[in-house]
Amino acid sequence: MIADIGYGLNSMGYLMLLLLLFTVRKPGLAKYMLSLATLVTLLWSLSFVSYLSGPLSVFHLLQADTIKQGVWLLFIASCLKNDFANLWQVLRQPATVFALIVPAIALVTPWFIHVDITWHFLLQTLIALEGLILLEVLYRQVGKDQWAYKPLALYLGATNLFEFVSYANATMVANIEPGFIAARGYFYLLMLPFLVIATRRIKHWGVSIFISRDVVLHSSLLLVAGVYLFIMAAMGYVISYLGWSWGSTVQIILVALSLVVLATVFMSNNFRTRIKVFITKHFFANQFDYRAEWVKLTNILSSNDQSLPSVYNVALEGVMGAINYDSGALVKKQGPGFHVVSSDHFGSLDEVEATLKPLWEYCERTGWLIDLDEYRTKPYVYEGLNLPNALIADTTLQLIIPFIRHDNMWGLALLCAVDRPKVALNWEVRDYLNAVTNQIANFIYLHEAAQSLAENAQFAAFNRMAAFVLHDLKNVLAQIDLILCNAEQHKANPEFIEDTFETLHHTKARMDRMLRQLTEKQVEEKGANATHTLSALIEQVIEKRCQSLLPIPQMVVKDETSVVVDQDKFANVMYHLLSNAQQACADDGEIEVTLVLDAQHGHQLVFIEDNGTGMDEEFIKHRLFKPFDTTKGNAGMGIGAYDAKTYMESIGGYLQVQSQPGVGTCFTLGFPVE
């Protein structure tokens, strides 16, 4: 009965290991041989359960042990080299042939020759000895990988040594000890964890078995309970052996105390938590040290620079540092195209721009991280993603990581590993990067919201200032109206008075226009969009609004088509940019407005080029489009360039600038063609 329980439990253990091995899809001879040896051991263990196979006979014992030991010898032989492609290469090795001769003799002899039972026991002893010898050869030749092979050596060494002692004793007394046979099931079951650990440590086998921490926790608690019961049994055995008398009082106290201690061990949440933490820290090797990684990410995100370009740079540094990559870019979608907001040793966006649209749509739909190396070999993993093979065949881009918050797609991180080892997207890396990107996305959204609040506060201050200006202007208008009324009664010099009236009427009309402009700033009204040819609108702006300063802009129309714009807002945008160009140029400078049609990308382009003072890259990046930041002192509000860029993006277009100090500036406006 005791033997049946041991072999039954052992069968269940090897069945679970076999099922885990079947879940591994990666091919490999070592995996197949380990699966075969596990299956044979499972069947071997079941064959010793009397309820299934009946009473155990010596013939059955020897045959089953020979088959089991022979398969494990073949497994050890297959591990002697890492480059075995098939079983035939293993069988051709001299060491394999010599190792399998003895099991073959032990398996065949009982069917044809009748010899004394001690010879059969001796053959089993030699088979176990062969296993130990092969194991020593294997362990010595692995060199620096001995740490990985140590659990395998413990498993095979202990089981073969157990068989060697059992059959060596049987050879001397010509009889197998029943205690050894009954204990084998339990012994093999206790050694099984070493085999499981070996499958995780030896990487080139292609076997990666995951054991839940909760399973290990419960197993550890059972082990604690087992140790406790063993100690109690040992104490009882010692008392019984020495002939001591328990006494009813001592028995009751010990039993009650034992139950209390055992219940405390199992029910104490603090104890269970401590055990779980201990197991996690000391028995599991995660790919990342999460405590250290989280501290590193927190330090990166604690930057003091609150400007958006700096925020984007910090975000890119955080996601690259999470997996120790050395090249990457953050990309946002603006209108129909994509814009790099931050990059680090990243090449041109042109080589991957054609793939960004399907990548963006797939990530927005699924929220998945994409590994292009995995996509090349296993496209079925990314169902619904279709990328041009010609474009991704030679690209260095590997990882595409979406930034999503509250189901809204913010942008993509494009990562490459140039001089660093690549990271494969297994379940642990995906979970880790999802946690990192969620934290970084919150960091970006927080700073963008803070920036928007700051801009709104500035606009609110501007509106308050406009209200004071309106109040003053109304007072001035009232005074002018009063002067006009009184002046009609005192016409001493008709010509002087008429000139005065004309000047006053002109001033009043001008102030009326100022009032209307300031009032419109308070409540922004939606303009009327219509189809226009931009050259006609630009010519009106030059003739009516740009004649007071030199140089006068010159327009060149190479080719154009009609586009849909708001005439007033477009005129304001052109006036801001042309006026800035006039102020940046000397009176004898040059300003040229060129219209070109980009039919390939569907944009009407307007180039505004001047040979003025120019701007450096730092100014363009951090100040040019920042509202209320001006270099004109009290003469400017600092919202012209910001307003122009905002309007272009609102209609699905774009505004770009190229400039060099002392050389000049070129603004490029792209209007979508419908």
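As the structure is a computational prediction, the values presented were derived from the model and not from experiment.
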**Request:** Taking the side chain as every heavy atom from C-beta outward, state whether Ser45 and Tyr188 have any pair of such atoms under 4.5 Å apart.
**Result:** no

**Request:** Return yes if a side-chain donor-acceptor contact under 3.5 Å exists between Trp44 and Gln69, otherwise no.
**Result:** no

**Prompt:** Can you tell me if Glu130 and Asn160 form a side-chain donor-acceptor pair at under 3.5 Å?
**Reply:** no

**Message:** Tell me the closest heavy-atom pair linking Ile181 and Tyr7, and the distance in Å.
**Reply:** O-OH, 2.6 Å

**Request:** For the residue pair Leu39 and Val71, establish whether any side-chain heavy-atom pair is separated by less than 4.5 Å.
**Result:** no

**Message:** Show, in sequence, the C-alpha distance, side-chain angles and deciding distance for Met33 and Leu74, and conclude whether the side chain to side chain contact (heavy atoms under 4.5 Å, CB included) test is met.
**Reply:** CA-CA 8 Å; Met33 292 305 302; Leu74 189 59; 3.6 Å; yes

**Request:** May I ask you to decide if Asn299's main-chain N or O and Ser302's side chain share a donor-acceptor pair within less than 3.5 Å?
**Result:** yes

**Asked** How about Ile404 and Thr437: do any of their side-chain heavy atoms sit closer than 4.5 Å?
**Response** no

**Request:** Hey, could you give me the CG/CH2 distance between Leu359 and Trp368, rounded to the nearest 0.5 Å?
**Result:** 14.5 Å

**Message:** Rounded at 0.5 Å granularity, tell me how far CG in Leu192 sits from OG1 in Thr38.
**Reply:** 8.0 Å

**Asked** Under a 4.5 Å cut-off applied to non-hydrogen side-chain atoms, are Leu372 and Ile400 in contact?
**Response** yes

**Asked** About how many Å separate CG of Leu316 and CG of Leu414, when rounded to the nearest 0.5 Å?
**Response** 9.5 Å

**Message:** Would Leu138 and Leu152 count as a side chain to side chain contact (heavy atoms under 4.5 Å, CB included) here? Give the steps.
**Reply:** CA-CA 10 Å; Leu138 172 64; Leu152 179 67; 4.2 Å; yes

**Asked** Between the side chain of Asp344 and the main-chain N/O of Gly328, is any donor-acceptor distance below 3.5 Å?
**Response** no

**Asked** Does the Tyr432 side chain pair with the main chain of Ala322, one donor and one acceptor, at a distance under 3.5 Å?
**Response** yes

**Request:** Write down the atom of Trp72, the atom of Thr41, and the distance for their closest heavy-atom approach.
**Result:** NE1-OG1, 2.8 Å

**Asked** Roughly how far apart are Ile401 CD1 and Leu412 CG, rounded to 0.5 Å?
**Response** 10.0 Å

**Prompt:** If only atom types and distance count, is the side chain of Asn442 paired as donor or acceptor with the main-chain N or O of Asn438 below 3.5 Å?
**Reply:** yes

**Message:** For the NZ atom of Lys68 and the OG1 atom of Thr159, what is their distance to the nearest 0.5 Å?
**Reply:** 6.5 Å

**Message:** Working to the nearest 0.5 angstrom, can you tell me the gap between Leu415 CG and Gln398 CD?
**Reply:** 8.5 Å

**Item:** Contact summary for Phe164 and Ala128, nearest pair of heavy atoms
**Value:** N-CB, 3.6 Å

**Item:** For Ala106 against Ile127, the heavy-atom pair lying closest together
**Value:** CB-CD1, 4.1 Å

**Item:** Considering all heavy atoms, the nearest Gln63-Trp111 contact
**Value:** OE1-NE1, 3.2 Å

**Request:** May I ask you to check whether over 12 heavy atoms, not counting those of Tyr375, lie within 6.0 Å of atom OH?
**Result:** yes

**Message:** Do Asn175 and Phe121 make a side-chain contact, defined as non-hydrogen atoms from C-beta onward lying under 4.5 Å apart?
**Reply:** no

**Prompt:** Which pair of non-hydrogen atoms, one from Thr96 and one from Ala77, has the smallest distance, and what is that distance?
**Reply:** OG1-CB, 3.4 Å

**Item:** side chain to side chain contact (heavy atoms under 4.5 Å, CB included) evaluation trace for Val102 with Leu123
**Value:** CA-CA 7 Å; Val102 178; Leu123 289 175; 4.1 Å; yes

**Prompt:** Taking the side chain as C-beta and beyond, is there a heavy-atom pair between Tyr325 and Lys422 under 4.5 Å?
**Reply:** yes

**Request:** Apply ring pair (Phe, Tyr, Trp, His ring centres under 6.0 Å) to the pair Phe48 and His60, showing each step before the final yes or no.
**Result:** CA-CA 9 Å; Phe48 289 112; His60 175 198; 5.5 Å; yes

**Message:** Is it the case that the side chain of Tyr14 and the backbone of Ala37 share a donor-acceptor pair, with hydrogens and angles ignored and the cut-off at 3.5 Å?
**Reply:** no

**Item:** Flag side-chain contact, heavy atom, 4.5 Å: Leu36 against Phe75
**Value:** no

**Request:** Decide yes or no for Thr109 and His120: does some side-chain heavy atom of the first lie under 4.5 Å from some side-chain heavy atom of the second?
**Result:** yes

**Item:** Test side chain to side chain contact (heavy atoms under 4.5 Å, CB included) applied to Leu42 and Leu17, step by step
**Value:** CA-CA 10 Å; Leu42 168 62; Leu17 175 59; over 6 Å; no

